[in-house]
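One structure below.
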Amino acid sequence: MRLLALAAFAAGAALLAALIWRAGLSPLASALSTLGVAGLALICLAHLPVLGLLGAAWRAISRVSLGNALLRFAWARAVRDAAAEALPLSQLGGYVLGARALALAGVDAASAGVSTFYDLLFEFAAKVPYV
(Lines give C-alpha, C1' and ligand atoms only; values in the text may rest on other atoms or scores of the structure.)
Protein backbone atom coordinates (compact mmCIF):
# COMPACT_ATOMS: atom_id res chain seq x y z
CA MET A 1 0.00 0.00 0.00
CA ARG A 2 2.87 2.36 0.82
CA LEU A 3 4.43 1.76 -2.59
CA LEU A 4 1.11 2.56 -4.27
CA ALA A 5 0.83 5.81 -2.30
CA LEU A 6 4.36 6.82 -3.27
CA ALA A 7 3.65 6.01 -6.91
CA ALA A 8 0.46 8.08 -6.82
CA PHE A 9 2.34 10.98 -5.22
CA ALA A 10 5.08 10.76 -7.85
CA ALA A 11 2.51 10.69 -10.65
CA GLY A 12 0.72 13.72 -9.19
CA ALA A 13 3.98 15.63 -8.78
CA ALA A 14 4.97 14.80 -12.36
CA LEU A 15 1.58 15.97 -13.63
CA LEU A 16 1.89 19.21 -11.68
CA ALA A 17 5.39 19.80 -13.04
CA ALA A 18 4.17 19.13 -16.58
CA LEU A 19 1.28 21.58 -16.19
CA ILE A 20 3.59 24.27 -14.81
CA TRP A 21 6.05 23.64 -17.64
CA ARG A 22 3.31 23.81 -20.27
CA ALA A 23 1.75 27.00 -18.86
CA GLY A 24 5.16 28.53 -18.39
CA LEU A 25 6.99 29.31 -15.23
CA SER A 26 7.15 33.01 -16.03
CA PRO A 27 3.39 33.76 -15.68
CA LEU A 28 3.25 31.76 -12.47
CA ALA A 29 6.26 33.53 -11.01
CA SER A 30 4.85 36.90 -12.10
CA ALA A 31 1.52 36.23 -10.42
CA LEU A 32 3.19 35.07 -7.22
CA SER A 33 5.55 38.03 -7.16
CA THR A 34 2.67 40.46 -7.70
CA LEU A 35 0.68 38.84 -4.93
CA GLY A 36 3.60 38.46 -2.56
CA VAL A 37 3.82 36.39 0.58
CA ALA A 38 1.62 38.81 2.52
CA GLY A 39 -1.09 38.70 -0.15
CA LEU A 40 -1.05 34.91 -0.24
CA ALA A 41 -1.26 34.80 3.57
CA LEU A 42 -4.17 37.26 3.48
CA ILE A 43 -6.06 35.10 1.01
CA CYS A 44 -5.48 32.03 3.19
CA LEU A 45 -6.61 33.88 6.32
CA ALA A 46 -9.74 35.16 4.57
CA HIS A 47 -10.66 31.59 3.65
CA LEU A 48 -10.38 30.26 7.23
CA PRO A 49 -13.71 31.68 8.51
CA VAL A 50 -15.49 30.21 5.50
CA LEU A 51 -14.01 26.78 6.22
CA GLY A 52 -14.98 27.16 9.86
CA LEU A 53 -18.58 27.99 9.00
CA LEU A 54 -18.84 25.16 6.49
CA GLY A 55 -17.32 22.78 9.03
CA ALA A 56 -19.78 23.99 11.69
CA ALA A 57 -22.69 23.42 9.32
CA TRP A 58 -21.47 19.93 8.49
CA ARG A 59 -21.04 19.17 12.19
CA ALA A 60 -24.56 20.44 12.94
CA ILE A 61 -25.98 18.11 10.33
CA SER A 62 -24.12 15.10 11.68
CA ARG A 63 -24.91 15.57 15.39
CA VAL A 64 -21.61 13.96 16.33
CA SER A 65 -20.56 14.72 19.90
CA LEU A 66 -16.80 14.32 20.00
CA GLY A 67 -14.26 16.57 21.64
CA ASN A 68 -13.01 19.20 19.18
CA ALA A 69 -15.70 18.11 16.72
CA LEU A 70 -15.81 21.53 15.09
CA LEU A 71 -12.08 21.41 14.34
CA ARG A 72 -12.40 17.89 12.97
CA PHE A 73 -15.23 18.84 10.65
CA ALA A 74 -13.49 22.03 9.53
CA TRP A 75 -10.34 20.02 8.78
CA ALA A 76 -12.34 17.41 6.85
CA ARG A 77 -14.02 20.21 4.89
CA ALA A 78 -10.61 21.67 4.03
CA VAL A 79 -9.44 18.24 2.85
CA ARG A 80 -12.63 17.80 0.84
CA ASP A 81 -12.31 21.18 -0.89
CA ALA A 82 -8.60 20.74 -1.56
CA ALA A 83 -9.07 17.28 -3.02
CA ALA A 84 -11.97 18.42 -5.19
CA GLU A 85 -9.80 21.23 -6.57
CA ALA A 86 -6.67 19.11 -7.02
CA LEU A 87 -8.23 16.01 -8.56
CA PRO A 88 -8.86 16.67 -12.24
CA LEU A 89 -12.43 16.01 -13.34
CA SER A 90 -13.33 14.41 -10.02
CA GLN A 91 -15.48 16.37 -7.62
CA LEU A 92 -16.66 13.03 -6.28
CA GLY A 93 -13.13 12.20 -5.14
CA GLY A 94 -13.15 15.28 -2.92
CA TYR A 95 -16.31 14.12 -1.19
CA VAL A 96 -14.87 10.68 -0.60
CA LEU A 97 -11.60 12.05 0.76
CA GLY A 98 -13.46 14.48 3.01
CA ALA A 99 -15.51 11.65 4.50
CA ARG A 100 -12.35 9.59 4.88
CA ALA A 101 -10.58 12.46 6.65
CA LEU A 102 -13.56 12.74 8.99
CA ALA A 103 -13.44 9.00 9.68
CA LEU A 104 -9.70 9.22 10.40
CA ALA A 105 -10.45 12.09 12.81
CA GLY A 106 -12.56 9.76 14.96
CA VAL A 107 -16.05 9.87 13.49
CA ASP A 108 -17.37 6.42 12.61
CA ALA A 109 -17.38 5.73 8.89
CA ALA A 110 -21.15 5.35 8.58
CA SER A 111 -21.80 8.72 10.25
CA ALA A 112 -19.10 10.33 8.11
CA GLY A 113 -20.67 8.98 4.92
CA VAL A 114 -24.24 9.87 5.83
CA SER A 115 -23.32 13.34 7.05
CA THR A 116 -21.34 13.93 3.86
CA PHE A 117 -24.39 13.00 1.82
CA TYR A 118 -26.63 15.34 3.84
CA ASP A 119 -24.07 18.13 3.63
CA LEU A 120 -23.95 17.76 -0.15
CA LEU A 121 -27.75 17.72 -0.28
CA PHE A 122 -28.00 20.98 1.68
CA GLU A 123 -25.17 22.54 -0.34
CA PHE A 124 -27.01 21.66 -3.54
CA ALA A 125 -30.27 23.06 -2.17
CA ALA A 126 -28.49 26.29 -1.26
CA LYS A 127 -27.20 26.62 -4.85
CA VAL A 128 -30.58 26.02 -6.51
CA PRO A 129 -31.70 29.68 -6.19
CA TYR A 130 -28.61 30.72 -8.18
CA VAL A 131 -29.75 28.55 -11.05
Side-chain angles (χ1 to χ4, degrees):
M1 184 66 177
R2 189 166 182 86
L3 184 61
L4 180 62
L6 287 173
F9 176 77
L15 179 62
L16 179 63
L19 288 172
I20 290 173
W21 182 264
R22 187 167 183 334
L25 193 55
S26 178
L28 180 63
S30 173
L32 286 175
S33 68
T34 302
L35 185 61
V37 175
L40 185 60
L42 185 63
I43 289 172
C44 291
L45 285 174
H47 194 62
L48 286 178
V50 174
L51 281 175
L53 287 172
L54 291 171
W58 191 6
R59 190 237 172 263
I61 291 168
S62 73
R63 299 182 186 196
V64 170
S65 60
L66 293 171
N68 295 332
L70 179 59
L71 290 175
R72 295 172 193 213
F73 278 88
W75 172 251
R77 182 61 191 228
V79 168
R80 178 172 129 183
D81 289 350
E85 292 295 328
L87 296 172
L89 307 173
S90 178
Q91 290 290 320
L92 186 61
Y95 305 140
V96 171
L97 286 177
R100 177 68 177 145
L102 195 56
L104 289 174
V107 177
D108 67 288
S111 294
V114 169
S115 67
T116 299
F117 175 74
Y118 284 142
D119 187 48
L120 292 173
L121 193 65
F122 284 117
E123 188 176 337
F124 175 75
K127 290 179 182 179
V128 167
Y130 292 111
V131 175

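Keep in mind the model is a prediction, meaning the values are calculated, not measured.
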Search all heavy atoms of Gly94 against all heavy atoms of Ala83 and return the closest pair with its distance.
-> CA-CB, 3.7 Å
Just do the side-chain contact (heavy atoms from CB on, under 4.5 Å) check on Asp81 and Glu85 with the steps written out, would you?
-> CA-CA 6 Å; Asp81 289 350; Glu85 292 295 328; 5.5 Å; no
Looking at Ala99 and Ala112, what are the two nearest heavy atoms and their distance?
-> O-CB, 3.6 Å
Find the distance between CG (Leu53) and CZ (Arg77) and round it off to the nearest 0.5 Å.
-> 11.0 Å
Would you give the length of the straight line joining atom CG of Leu15 to atom CD1 of Ile20, rounded to the nearest 0.5 angstrom?
-> 10.0 Å
Looking at Asp119, Ile61, Leu102, Leu54, which hits side-chain contact (heavy atoms from CB on, under 4.5 Å) with Phe73?
-> Leu102
Between Arg59 and Val107, does a side-chain contact (heavy atoms from CB on, under 4.5 Å) hold up when you go through it step by step?
-> CA-CA 11 Å; Arg59 190 237 172 263; Val107 177; over 6 Å; no
What closest approach, in Å, do Tyr95 and Thr116 show between heavy atoms, and which atom pair accounts for it?
-> O-CG2, 4.0 Å
Minimum heavy-atom distance between Ala74 and Gly52, given as atom pair plus value | CB-CA, 4.4 Å
So CZ of Phe122 and OG of Ser115: to nearest 0.5 Å the spacing works out to 11.5 Å
When clusters are formed by joining ILVMFWY residues with side-chain heavy atoms under 4.5 Å apart, either directly or through shared neighbours, do Leu32 and Leu25 land in the same one?
-> yes
Start with the C-alpha distance between Ile43 and His47, add both sets of side-chain angles, then the distance that settles side-chain contact (heavy atoms from CB on, under 4.5 Å), and finish with yes or no.
-> CA-CA 6 Å; Ile43 289 172; His47 194 62; 5.8 Å; no
